[in-house]
A.B. asks: 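Below is the structure I would like to discuss, written out as structure tokens.
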Amino acid sequence: MSILEISNLSLSFGGVKALQDVSFRVPENTITTIIGPNGAGKTSLFNCISGFYKPQQGNIRYQGQPLPGSIKPPRRAALGLARTFQNIALFRGMTVLDNIKLGAHVHMKSGLLSALAYFGPARREETAVRQEVEERIIDFLEIDHIRRQPVASLPYGLQKRVELARALAMKPQVLMLDEPVAGMNREEKEDMARFILDIREEWGITVLMVEHDMGMVMDISDHIAVLNFGQVITEGVPADVQNNPEVIKAYLGNSDIDSLRRKLNPEGEVA
Amino acid sequence: MDWLFFGEISLAGLAMGGLYALIALGFVIIYKATRVINFAIGEIMMFAAYLFLAFAGGMELSPWIALPLAVIGGSILGGVIEKTMIRPMLGESPISVVMVTIGIGSILVGLVEFIWTADPQLLPSFLPREPVFIGPLYLAPKIAYGFLIGSALLIIYLLYFRFSRGGVALRATASDQAAAYSMGINVRRVFNMAWVFGSLAASLAGVLVAATGGLSPQFGIIGLSVLVVVIVGGLDSILGALVAGVFIGWLETVAGAYLGGEYRMPATFLVLAVILVIRPYGLFGTHEIERV
Amino acid sequence: MFRNILKKGRRLAGLGSLVAALTMAAPVMAQDKEPVVFGGSIPLSGVFAFAGIHIHAGLTDYTNWINSQGGINGHPVEYVMEDTAYEVDRSVAAFKKISGSSSPATYYGDSTGFMKAIASELNSQGNTLMSGASFATALTDNEQYPYQFIPGPNYSQMFGIILEYIATQGEGGDMPTVAFVYSDTEFGKDPIENGKARAGELGIDVVEEIVTKPGSVDVSAEVLKLRRVRPDYVVFHGYVLSPINEFMVQMRQMGLDTQFMGTFWSSDKLIIDKMGADADGYMGVMPYNYYDSEESGPMLDALRAQAEKSDPEAGYRPTGYMQGWFNAMVWTEVVKRTLDAGKELTGDNMAESLASIEDWDTGGIIGIPVTVRNMSFPVGRIWRVNAEEGRYEPVSDWIHLD
Amino acid sequence: MRIGDAKQSYEADEAIWTSSTQKLWLGFFLLILMVFPFAVDSYLLYLGCLVGIAVISTTGLNILTGFTGLISLGQAGFMGVGAYTVAWLSINTGLPFPITLVLAGLMAAAVGILVGLPSLRVKGLYLAIATLAASVFLHFIFAEWEPVTGGMGGLSLEPAHLFGLTFQSDFMMYFIIVPLAVLMVLAARNVFRTRIGRAFIAIRDRDISAEILGINLLRYKLMSFALSSFYAGVAGGLFAYFYRVVTPESFPLSMSIFYLAAVIVGGMGNLLGGILGAAFMTLVPEALKLLTAALTPFYPNAPVFMSPMLEIIFGGLIVGFLIFEPHGLAEIWHRIRRFFRLWPFRN
């Protein structure tokens, strides 16, 4: 069954139509990827799902329940929708550890008074979160050596990983990753791909991803939706999408088909 | 109700509002081009007024020579402030930049006290003293002539921004800095120019206001009224500055006349609070779309 | 502008005695008796500096003069002060510092705010008598402020004197009308209620009350209001200069023949200096003779001689100077009376000595003998600006309220 | 030279004072605070109390401006609310000071929440202007609501009291102010160990991504306003007990700017910075006074220039720190400490 169902979504800014009648489904416990050229509306779609943009039309169903515009981003986070950002959105003034702990925010309850005293519930809760973050996330993502460092001082690849860690701390049902490997070197990409696969396998989390790196997309996705000019042009398993002429056209217009095949086909890249 | 009285009060308020509009215009020019909210605008006005005092009172120049000198002095001050204290803050958070302007205000107050002491001062009177009647309505001559001079500059400004090259550069920078830069506009120069022009308007208004109300290092408090004007009108709207300037000037005066002087500030700040709640970007300001 | 710096330098230059005060130089005469200390929180800088500098000069010159006369009963006088910039917290700090190091018998406070803030400390210490720049009516409450007095009439009493003068100006049983214009400050609002009550008793109609911010404001709307009621007199209170000038100029431009009056701090020569010919006819209530008045008396002559000696080039000395001098004179009298009675210089004893002052001859500083009532000297005279001469001239007799 | 400490449990690792050296220094510092009032004259004692009050208020403003990124020009107004609350309560109810101070804080917090409400719609500088409007209204209320506030003349109150003890002198007040300041700084420190403090910082750094992490912006902005004005209210209450007179003129706009300056100079978003900034800014006028006194024998006009110099120094410190040392005195302090920690082994 689908954990996330997008139907007939339309969004426009002034005269610009960012999304037109977009519909697709994210099957539960899959890695679903949205691809499409720049400006196709991928990030706008993410923003609609996380509640930043209010679509003018259409609706989103999450775990079978509608997600109307009245449900604001914080509430959506609490419901289990986590995401990372295209251009890293970590809190630069904080350490890695604090950034990750922030992810656990919605699952914590302690109030202001006990926080002021740092006694009783607040203390227990903070210690518990720390333990969980350490044992489940920091170890898993292999970032224990940098936990005390301010994120601003970290290299790009590690920052992306910290952002992933923060999203995991939200204990999401659906993890939305906006270009998780952009700007990484091959080794970092491979690490990230492995983490994403593990997240689906071991944690049982549905992953919804926007990514340009076709090698990785074709490698790890279970399901792909292709977006162009704000419209879904096709949807399906990687192999189908790869050979869909619509997709090929959308990507490169009418230019060199071979280079395009190479780009869409991971094997081609290896060859 | 005494309509004649109301008419006279309103007229006085509108004339004062004209000067507010001029100051607000200076404020908006700076904000539009550089996105800096200038809390020191009242102090820049004050400084120019003291310059006028020095030229006309101390050096005994003719007021009509002293006035342009003081205004030029004030605009140079604006340019210097931009170059030395605002430019290093380029790219910092708007909050930090605002606090820099608060600091600049404090420095200017200190400088003025240092040079001219904290004693209250009167500017040499240079405007005609014959009462002005508009129909049956009396208007204090200083205010009337102040309004005329202020409006003249205001019109020159509006024409300049509409038609001159510099004005186009300024407007281009205001609407999209990056695009203006790529079009070959020297954005840094535009920033500096905005401060110079903004301070020029404030300086002229400063001398005119001080000429009617007297001068002391606390003069800069008028910046608060201007702040109300630009928030109500919309920080980035010239039309807003003009409309709100005249309106706030009128409201302040009418509230003062009918309720008492202690109600002037609360009355205008009440309008400010209402605007903040119902139209946070001002009557004519643009609502900026947040980008994720 | 640099001329201004130089000019400002001049204001203090001749008063080299400042150095003596700040460094607590030894008194003039070598005496083995313990010195009596006059302390002071003095606004040498900040918004009240225009008066503070002269207050300081008055206190310094008086100290030097009394020491040249042999001190008080042989005790030399020491004047110890700190600059406060007219900020309450710094005035308090100065008081703590000075009272910690030199236990002053008397103390000059620079503002009503300070006098109120320090009252609890003063009352619990109980060994200093205080007066200063404030003529606040509240301070004459002996319950709350037993050790603080007013070196002249309080603001309400000043209004009383002004109103009494106005009452005598009615012609043919026609009482003049009056409008009060005051600043939206504690200072400004101080005498208004009492002033209205007093006007009622005298049968004077208060036709308008106008509150403004102090300092630089546009008052044309307020002037229009006064134009409607056409008061015979406008009494200003709570201002130093602006917007008094603007009211006067604009109302005269309208052809009104209103008379303008003001209280102590609005009756300095500053008004004449800054307004020039426009100041002509302005009237103020003043409990002391102006420095350049034609009056004389042993103490007034001594004051002039001492002022001349300390800064021969200064010429005219403003009211702040007279006020500083008079404060110190009262302190001396109080200390002398207390010592004469063989008592210690405690707050209670000095307050008692102060209350005992009756028909006291001030040697020409005040034109008639004065009696202390409720810790104040309710006496004053109406003076009027003669712009051509550049000075205030008396237009009434001395008025002593009961 | 210090070597990293190995921790046995996560709880121990979460502690504030993680090494014994730190604990030693802390103990030493507290001891100095204890001994201070017995060792100094009334003038220094007075300054000590002033610094204590300033530390509380600056810490409060730091929570709002430094940690949550919401600039406020209303701090003096909030302090006024606290001061008037204490004055009114002590005149009309005679409650002991711990209760009046808490109520002062709560009252100020309530007003703070009210002022923060526009943050539902406006942010950043617009919010700053809302706080400015609040301070105008508060001043108006202080001045005009005569039956409660005593109008322009203000209120005079009795000394703080508890269990028959009367806190009249500065010496006695010191023992209310300074422990309270220590306590409140520690409490603030605690907040920043928990999710609430992290949420504040997240809002400051990137409010949009904070929202996606499930942080309700309005709720936490209001909480920050409430907490910050609670601190201001308590500081104002102490101010009332300290001077025992409260007037509308006691809390001018320049006071709000003073506290902003203290936060900036100390270091925005750094509690230690708040303390350093509060102490530094309170003592600058006194230092300047010493300087003028020293200069006077050579240059008799020196005192005339003190107040202008002070204005210039205040403004210059704000501008200078923002341009050259945006992390404030706290950063300078850390540099000094790093230097000595490694000393003499490295440079």
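Just so we're on the same page: letters track the sequence lines, and every chain starts at 1.
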A.B. asks: Assess whether atom CZ of R219(D) is packed by more than 12 heavy atoms of other residues, nucleotides or ligands within 6.0 Å.
C.D. replies: no

A.B. asks: Going from CG on L213(D) to CZ on R83(A), what distance comes out if it is rounded to the nearest 0.5 angstrom?
C.D. replies: 10.5 Å

A.B. asks: With a 4.5 angstrom heavy-atom cut-off, is it the side chain or the backbone of A210(D) that approaches chain A, or both, or neither?
C.D. replies: both

A.B. asks: Contact part of L183(D) toward chain A, heavy-atom cut-off under 4.5 Å: side chain, backbone, both or neither?
C.D. replies: neither

A.B. asks: Distance check, rounded to the nearest 0.5 Å: D98(A) atom CG versus R193(D) atom CZ?
C.D. replies: 11.5 Å

A.B. asks: Tell me, yes or no, whether the heavy-atom count around F29(D) atom CZ, taken from other residues, nucleotides or ligands under 6.0 Å, exceeds 12.
C.D. replies: no

A.B. asks: Once you round to the nearest 0.5 Å, how far does CZ of R204(D) lie from CE of M94(A)?
C.D. replies: 7.0 Å

A.B. asks: Please enumerate all residues that pass side-chain contact (heavy atoms from CB on, under 4.5 Å) together with L113(A), with sequence neighbours excluded.
C.D. replies: L116(A)

A.B. asks: Does CE in M170(A) sit with more than 12 non-hydrogen atoms of other residues, nucleotides or ligands closer than 6.0 Å?
C.D. replies: yes

A.B. asks: Which value, rounded to the nearest 0.5 Å, describes the distance between R123(A) atom CZ and N190(D) atom CG?
C.D. replies: 8.5 Å

A.B. asks: Checking heavy atoms, do the side chain of F67(D), its backbone, both or neither come under 4.5 Å from chain A?
C.D. replies: neither

A.B. asks: Nearest 0.5 Å, what's the CG-CD1 distance between L112(A) and I196(D)?
C.D. replies: 5.0 Å

A.B. asks: Looking only at non-hydrogen atoms, find the nearest pair between A202(D) and L102(A) and report the distance.
C.D. replies: CB-CD1, 3.6 Å

A.B. asks: With rounding to the nearest 0.5 angstrom, report the OG1 to NZ distance, T194(D) to K101(A).
C.D. replies: 9.5 Å

A.B. asks: Taking atom CZ as the centre, does R200(A) end up with more than 12 heavy-atom neighbours from other residues, nucleotides or ligands that are less than 6.0 angstrom away?
C.D. replies: yes

A.B. asks: CH2 of W203(A): more than 12 outside heavy atoms within 6.0 angstrom?
C.D. replies: yes

